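Below: the structure, in structure tokens.
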There are 2 protein chains.
Amino acid sequence: MHVSSRPTIKEVSKIAGVSFKTVSRVLNNEKHVSEETRRRVEEVVARLNFRPSHAARTLAGRKSFQVGLLYDNPSPYYIYHVQTGAQQRCTELGYRLLLQPIDSQSPDLVSNVLALIDETHLDGLILSPPVTEATALLDELDRRGLPYVRIAPGTRKDAGLSASMDDVVAARELTAHLIGLGHRRIAMIRGLESHASSADRLAGYRAELEAHGIAFDPALVVAAENDFASGAAAARELLALKDRPTAIFAGNDDMAAGALATAHESDIDVPGQLSIAGFDDSDLARAVWPPLTTIRQPVHELASAAAELILGGAAPQPRVTLEHKLMVRASTGPAPR
Amino acid sequence: MHVSSRPTIKEVSKIAGVSFKTVSRVLNNEKHVSEETRRRVEEVVARLNFRPSHAARTLAGRKSFQVGLLYDNPSPYYIYHVQTGAQQRCTELGYRLLLQPIDSQSPDLVSNVLALIDETHLDGLILSPPVTEATALLDELDRRGLPYVRIAPGTRKDAGLSASMDDVVAARELTAHLIGLGHRRIAMIRGLESHASSADRLAGYRAELEAHGIAFDPALVVAAENDFASGAAAARELLALKDRPTAIFAGNDDMAAGALATAHESDIDVPGQLSIAGFDDSDLARAVWPPLTTIRQPVHELASAAAELILGGAAPQPRVTLEHKLMVRASTGPAPR
DNA sequence: TTGCGCACTGCCAGCGCTGTCAAATATGGC
DNA sequence: GCCATATTTGACAGCGCTGGCAGTGCGCAA
């Protein structure tokens with residue numbers, strides 16, 4: 001197919017005047033190669049722009065230098081940052097990252113992933129939510145002894161490698177911010193059950209209310225599906241309540257944006273009559289008007305830390321927790337009287 | 001590394017009672033295998049959940065069943081849809097898609113891509129804007145005879161495979177929509193020079209103005225960088241003009257959202273005092289308030305068509321053009337008098 | 001001088017498949 | 001029933017590398 005085809009390790013070795021095994025040693029940074037030889041080989045490699053065949057290394061060696069990233073999240077923003085965070089770190093460490101969207105609800109999840117592993121000889125796997133919660137998959141990976149790391153795991157938090165932020169604490173901070181502004185009827189639009197963070201954020205919200213002696217009112221919690229449309233619908237429901245909330249805490253920015261649109265639609269001033277807060281600090285948070293008060297979730301850094309954990313074998317601590325940050329913007333303000 | 005390691009083609013053949021070459025034939029859907037034998041082999045393959053090693057097939061055969069997707073676009077929305085569109089089609093056709101972010105401005109672009117090709121034995125490449133415009137890369141790919149397809153190419157539109165929409169016509173339609181609402185002073189926020197579509201959209205805008213006998217005013221064209229912040233800044237500049245425009249056509253939705261935020265900031269009613277339109281119909285278009293009038297760009301379908309073109313060798317027409325659609329929403333309205 | 005350890009290098013098998021070609025078996029025509 | 005031809009199957013090399021191991025040459029202690 002190629003007109004001019006790639007050089008092979010043997011051609012490099014011929015030109016450098018050494019055995020092809022020696023070239024292999026240089027490429028893999030093994031010791032027991034004299035400085036002189038190494039220099040000569042490297043010079044030829046650079047001149048020919050030689051790159052060893054990934055397929056051949058995988059087949060011959062015990063490592064494939066490939067890691068998979070599994071995701072099943074409809075938010076382009078989230079996916080994008082998970083991808084770039086993980087990819088950067090993997091590239092730096094000399095690994096290739098295989099980006100693999102997958103249906104985490106499919107009954108074939110486990111066999112699909114095993115097929116991927118067998119096909120590509122993956123060295124490890126990075127799981128992002130909600131794939132992180134597929135316990136059948138985790139069991140099978142454990143059984144196989146295939147290393148994996150989870151980003152923001154909800155279940156089995158104490159097992160295995162993971163990189164996460166503290167959703168409960170973050171939700172408490174956000175709730176505290178609203179309470180501090182004088183709000184007492186604070187509603188919550190909670191996200192998908194399949195995402196463990198939804199429950200954590202709800203828990204943080206409840207805990208903070210209780211800490212301030214505010215009774216938890218189940219009528220103020222409405223479920224939605226992590227997207228704009230369902231967030232808008234949930235807000236409609238909340239605003240139709242006889243005793244309307246003065247603030248809405250949405251489980252993510254997409255739902256918060258939906259709630260904001262509902263407020264605009266109903267000519268309710270934000271934050272004058274209603275405060276709205278989101279979670280994630282996605283691009284959306286700054287793009288809507290007024291810009292959203294939200295929690296900055298370090299998605300990029302979480303993914304990067306996950307890659308580090310699984311590749312930098314030296315990992316002393318199997319669990320990394322990164323800092324979130326409350327971003328106060330114009331969508332929240334003092335409670336109306 | 002694996003506790004229980006993958007089965008190989010030889011084990012499958014032993015169980016099925018045939019030579020491993022016959023199993024290979026079944027896996028590759030070759031003819032000259034009796035129905036009876038095929039059935040028996042397939043049954044064993046399914047039972048063992050056997051998947052042929054990608055590395056071995058690549059090494060032994062002349063195809064790698066891998067296609068690369070190169071991108072260098074900061075918009076998560078665009079990337080996400082390009083990825084999913086291409087990936088779906090590739091998966092259906094039995095290919096693996098390698099998602100590869102890359103710096104299209106780097107002086108090492110060509111050698112980086114060649115390294116990727118050599119390492120992975122890529123069968124073909126899908127280029128998305130602005131990588132599509134890297135002529136040095138195109139030349140090198142041509143020289144190598146490596147098949148590639150471009151999504152929305154700006155240069156060399158008549159060469160090679162490509163999938164695109166008509167940016168000029170779309171921009172004309174959007175401009176006509178604004179003119180039809182009575183607008184005469186219509187500003188344009190143009191996007192990055194490195195994206196060929198920016199120039200096409202500007203050209204469409206100019207052409208439609210001229211078709212309606214409206215003089216083109218260079219003062220009404222401001223450059224920005226395809227993102228929210230630069231769009232907001234550009235709008236500030238436009239609204240500071242003594243003879244302020246009554247409508248702003250932004251080269252993409254991100255910049256339009258920025259312009260919208262600027263309007264909100266300055267307490268300018270949209271669309272009462274100012275109409276704003278975007279381009280792309282990204283998630284953002286529906287998430288902001290008021291929702292943006294924009295052009296729906298079939299990103300997913302373009303990527304899918306590109307994958308089809310490069311893999312479905314049967315492609316009779318090397319160039320595919322897909323339909324866009326004018327989405328009229330609430331951000332545009334009659335010109336104020 | 002001999003012997004031994006160590007740093008360096010080369011040889012070869014083999015990873016799990018596909019391509020090629022030859023062998024075995026089935027099919028058809030007369 | 002026999003040969004020519006088509007269909008089905010198998011044997012084997014080899015893709016481009018790594019892993020294991022067997023050298024080779026040199027310095028240094030005995």
Side-chain angles (χ1 to χ4, degrees), chain A residues 1-2 5-42 44-45 48 50-66 94 96 115 117-123, chain B residues 1-2 5-42 44-45 48 50-66 94 96 115 117-123:
Chain A
M1 191 161 277
H2 298 200
S5 75
R6 63 189 301 285
T8 71
I9 199 174
K10 295 205 178 178
E11 300 174 42
V12 172
S13 69
K14 207 162 297 167
I15 297 177
V18 293
S19 75
F20 76 95
K21 175 67 211 190
T22 297
V23 176
S24 169
R25 285 196 183 91
V26 172
L27 293 173
N28 290 285
N29 247 314
E30 290 174 22
K31 51 190 171 189
H32 301 316
V33 178
S34 71
E35 262 326 299
E36 154 65 10
T37 307
R38 186 178 297 275
R39 214 194 34 66
R40 194 148 37 94
V41 170
E42 276 169 351
V44 177
V45 165
L48 297 189
F50 168 76
R51 301 294 169 139
S53 157
H54 208 291
R57 305 181 86 172
T58 300
L59 197 53
R62 11 181 85 87
K63 298 180 67 174
S64 71
F65 296 95
Q66 291 190 130
R96 175 162 290 284
I117 295 169
D118 285 346
E119 263 179 20
T120 61
H121 305 248
L122 247 33
D123 287 340
Chain B
M1 192 161 275
H2 298 201
S5 74
R6 63 189 301 285
T8 71
I9 199 174
K10 295 204 178 179
E11 299 174 44
V12 173
S13 70
K14 207 162 296 169
I15 297 178
V18 293
S19 75
F20 75 96
K21 175 67 212 189
T22 297
V23 176
S24 169
R25 285 195 183 91
V26 172
L27 293 174
N28 290 284
N29 247 313
E30 289 173 22
K31 50 192 171 188
H32 301 314
V33 178
S34 71
E35 262 326 300
E36 154 65 9
T37 307
R38 186 179 299 274
R39 214 194 33 67
R40 194 147 37 93
V41 171
E42 277 169 351
V44 177
V45 166
L48 298 190
F50 168 75
R51 300 294 168 140
S53 157
H54 208 291
R57 304 182 86 172
T58 299
L59 197 54
R62 17 180 82 86
K63 298 180 66 176
S64 72
F65 295 96
Q66 292 190 129
R96 176 162 290 285
I117 295 169
D118 285 345
E119 263 179 22
T120 61
H121 306 247
L122 248 33
D123 288 340

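Chain letters run A, B, ... following the sequence lines, proteins first and then strands; every chain starts at 1. Since the model is a prediction, treat every value here as computed from it, not as a measurement.
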* Using the ring of B/Phe65 (Phe, Tyr or Trp, six-membered ring only), decide whether B/Arg57 places NZ or CZ under 6.0 Å from its centre and within 45 degrees of its axis. =>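 Yes, B/Arg57 lies over the aromatic ring of B/Phe65.
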* Asked: Hey, which of these two, B/Leu59 or B/Arg25, hits DNA chain D nearer its 5' end, going by closest nucleotide?
  ->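 Its nearest nucleotide lies further toward 5', so the answer is B/Arg25.
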* Asked: Which sits closer to the 5' end of DNA chain D, A/Arg57 or B/Val18, going by the nucleotide each is nearest to?
  ->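 Looking at DNA chain D, the more 5' nearest nucleotide goes with B/Val18.
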[X] vs [N]: side-chain N/O to OP1/OP2 distance below 4.0 Å:
| X | N | result |
| --- | --- | --- |
| A/Ser34 | C/dA7 | no |
| B/Arg62 | C/dC17 | no |
| A/Ser53 | D/dG16 | no |
| A/Thr22 | C/dG10 | yes |
| B/Arg6 | C/dC17 | yes |
| A/Ser24 | D/dT18 | yes |

* Asked: Got B/Ile9 and B/Ser24 here, is their nearest side-chain heavy-atom distance under 4.5 Å?
  ->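 A side-chain contact exists here, since the closest heavy-atom pair is under 4.5 Å.
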Can you tell me the distance, in whole Å, between the [atom1] atom of [X] and the [atom2] atom of [N]?
| X | N | atom1 | atom2 | answer |
| --- | --- | --- | --- | --- |
| A/Asn28 | D/dG20 | CG | P | 13 Å |
| B/Leu27 | C/dC17 | CG | P | 8 Å |
| B/Arg38 | D/dT7 | CZ | C1' | 13 Å |
| B/Ile9 | D/dC15 | CD1 | C1' | 15 Å |
| B/Lys63 | D/dC15 | NZ | C1' | 17 Å |
| A/Arg39 | C/dC8 | CZ | P | 15 Å |
| A/Glu119 | C/dC17 | CD | P | 11 Å |
| B/His54 | C/dT18 | NE2 | P | 11 Å |

If only atom types and distance count, is the side chain of [X] paired as donor or acceptor with the main-chain N or O of [Y] below 3.5 Å?
| X | Y | value |
| --- | --- | --- |
| A/Thr22 | A/Val18 | no |
| A/Thr58 | A/His54 | yes |
| A/Gln66 | A/Asp123 | no |
| A/Arg6 | A/Phe50 | no |

* Tell me which of A/Phe20 and A/His32 sits closer to the 5' end of DNA chain C, going by the nucleotide each one is nearest to. =>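 Checking each residue's closest nucleotide, the 5'-ward one belongs to A/His32.
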* Please tell me which of B/Glu30 and A/Ala60 maps to the more 5' nucleotide of DNA chain C, matching each residue to the nucleotide holding its nearest heavy atom. =>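 In this pair, the answer is A/Ala60.
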* To do: Please confirm whether any donor atom in the side chain of B/Lys21 sits under 3.5 Å from an acceptor in the base of C/dG19, or the reverse.
  =>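 Between C/dG19 and B/Lys21, which were checked side chain against base, a qualifying N/O pair under 3.5 Å is present.
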* What does A/Thr37 touch in the nucleic acid at a heavy-atom separation under 4.0 angstrom: a base, only the sugar-phosphate, or nothing? ->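 Sugar-phosphate: the residue A/Thr37, judged by heavy atoms under 4.0 Å, touches backbone atoms but no base.
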* Side chain of B/Thr8: nearest nucleotide among C/dC17, C/dG14, D/dG20? ->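 Of the candidates, C/dC17 comes closest.
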* **Nucleotide nearest A/Ala56 (side chain, heavy atoms from C-beta), chosen from C/dT18, D/dG19, D/dG16** =>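 Out of C/dT18, D/dG19, D/dG16, the nucleotide with an atom closest to A/Ala56's side chain is D/dG16.
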